[in-house]
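Below, chains carry the letters A, B, ... as their sequence lines are ordered, and counting in each starts from 1. Since this is a predicted model, take the numbers as computed values, not measurements.
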Number of protein chains: 2
Amino acid sequence: MLAATGVFLDHGYGAASMDAIAEKAGVSKQTVYSHFGSKEALFGAIIEDICDELLRGQTQPMPPLKPVDGDDLERRLMGMAERFLGTVLTGRAVALFRVVIAESGRFPELAESFYRAGPTAAIENMARLLRDLDQAGTLSVPDPVSSAKLFFALLRGDLYVRCLLGLASDPTPAERQAVVNEAVRTFIAAHAPAIP
Amino acid sequence: MLAATGVFLDHGYGAASMDAIAEKAGVSKQTVYSHFGSKEALFGAIIEDICDELLRGQTQPMPPLKPVDGDDLERRLMGMAERFLGTVLTGRAVALFRVVIAESGRFPELAESFYRAGPTAAIENMARLLRDLDQAGTLSVPDPVSSAKLFFALLRGDLYVRCLLGLASDPTPAERQAVVNEAVRTFIAAHAPAIP
DNA sequence: GTCTATAGATCGATAGAC
DNA sequence: GTCTATCGATCTATAGAC
């Protein structure tokens, strides 16, 4: 299972052969078929597994920063941003996204479950935080879901595109931090509460 | 060549067979090999061709809106945004991006030339506009290239992700407009010039 | 359950007639 | 140049011995 994960993520569905998977797992090909039935079933199980693994850390609530105002607001948003990028810019997450995109035609239901487990969950979680910040008057967020989507869009910038294209891999914390800073600054500027 | 384009965009490199390409082109397989030599060469030629086709409209300068201030600024940015999304959310552009991402491991030089012809060119073009707006005092843009990247990141939001995953296809002008409006509003808020 | 061996289909690429 | 026919490799999946 771990071997299959590596082969699928490295080569994609089509180029990953059951022979290569069996060899890397140190077992026979027939054993793989006994366990998973078919290549499609194995692929589906693998993808769902990595989704769970990667997105487990994204949905658990952040440690609360008690009073949220001024610098604390910035720190809070930066914390969310860092956690997101810390997962999403990983070689593993990039490879997963690549494969899911590439095979979305052949496995539409897989793309759908990926979207639900990943982006949707992250958006809803972020929207909850934004709703709280809006009610506290710290930010002005009339549409939390829409603003949450915007928040993540700001983080999926040029660095992310270059990672998807294989032109950058495993960015340094400094590179990530630069993206985080600009995104948070922009987000706050666009959601500053009206001066009373 | 046109037939090959469709097959490669629809199925990706691996799943596109030379038999299918030859059949769709209405010629024999040998004829395809006579013209292009190998599958890799044909693929490379195809991809470069679609890149040129899609990105031709992105780099040509926008029709100038003479005095840029107030609503004109908004219109100008919205024009850039609409042109970008009008191309990038197309089924054809999405399919191209999908294939380039999927095969970036096997064809790294193709991913690089795609990035240069596409994102880089668009960023540089946008950065030029932002530099002008900054010098005119209409916007405050200390780092035009960085802000240009941010501008496009705002446009590659949730709708774009859903298109990449095949969960949305060929969004309506209304859907695009909503993205444009929010992106431009956010961008302007984050680059408002200091009140003198 | 796990192995070896192989069936059956398809792939990229080529040979050779016309 | 364009065709048909085919080679050799590789793929998924299965059969059958242990």
- Rounded to whole Å, CZ of A:Phe36 lies from C1' of C:dT2 at a distance of 15 Å
- Query: How many Å lie between NE2 on B:His35 and C1' on C:dA13, as a whole number?
  - Reply: 16 Å
- Query: Checking only heavy atoms, does the side chain of B:Gln30 share a donor-acceptor pair with the base of C:dA13 at less than 3.5 Å?
  - Reply: no
- Counting only N and O atoms by type, is there a donor-acceptor contact under 3.5 Å from the side chain of B:Ser147 to the main-chain atoms of B:Pro144? no
- Under 4.0 Å between any heavy atoms, over every strand shown, what does A:Ser28 touch: base, sugar-phosphate, or nothing? Just pick one. base
- Item | Atom pair distance, as rounded to whole Å: OH in A:Tyr33 and P in D:dC11 | 11 Å
- Query: At under 4.0 Å between heavy atoms, what does B:Ala20 touch on the DNA or RNA strands: base, sugar-phosphate, or nothing?
  - Reply: nothing
- Message: Using a 3.5 Å distance criterion without hydrogens, assess whether the side chain of A:Ser146 forms a donor-acceptor pair with backbone atoms of A:Asp143.
- Response: no
- Task: Return the 5'-most residue of the pair B:Asp19, A:Tyr13 with respect to DNA chain D, ranking by each residue's nearest nucleotide.
- Result: B:Asp19
- Message: Using a heavy-atom cut-off of 4.0 Å across all strands, would you classify A:Ala16 as base, sugar-phosphate, or nothing?
- Response: sugar-phosphate
- Say whether, by atom type as modelled, one donor and one acceptor occur between the side chain of B:Arg98 and the main chain of B:Leu164 under 3.5 angstrom. yes
- Atom CD of A:Glu40 to atom C1' of D:dA13: distance rounded to whole Å? 13 Å
- Query: What's the CZ-C1' distance between B:Phe8 and C:dG12, to the nearest Å?
  - Reply: 11 Å
- For A:Gln30, does its backbone N or O pair with a side-chain atom of A:Ser28 as donor and acceptor, under 3.5 Å? yes
- Message: Does A:Glu53, at its CD atom, have more than 12 non-hydrogen atoms belonging to other residues, nucleotides or ligands within less than 6.0 Å?
- Response: yes
- Item | Given DNA chain C, 5'-ward residue of the pair A:Thr31 and B:Ala15, judged by closest heavy atom | A:Thr31
- In whole angstrom, give the distance that lies between atom CD of A:Glu23 and atom C1' of C:dT2. 17 Å
- When rounded to whole Å, the NZ to C1' distance for the pair A:Lys29 and C:dC3 reads 13 Å
- Separation of B:Lys39 atom NZ from C:dT10 atom P, in whole Å? 15 Å
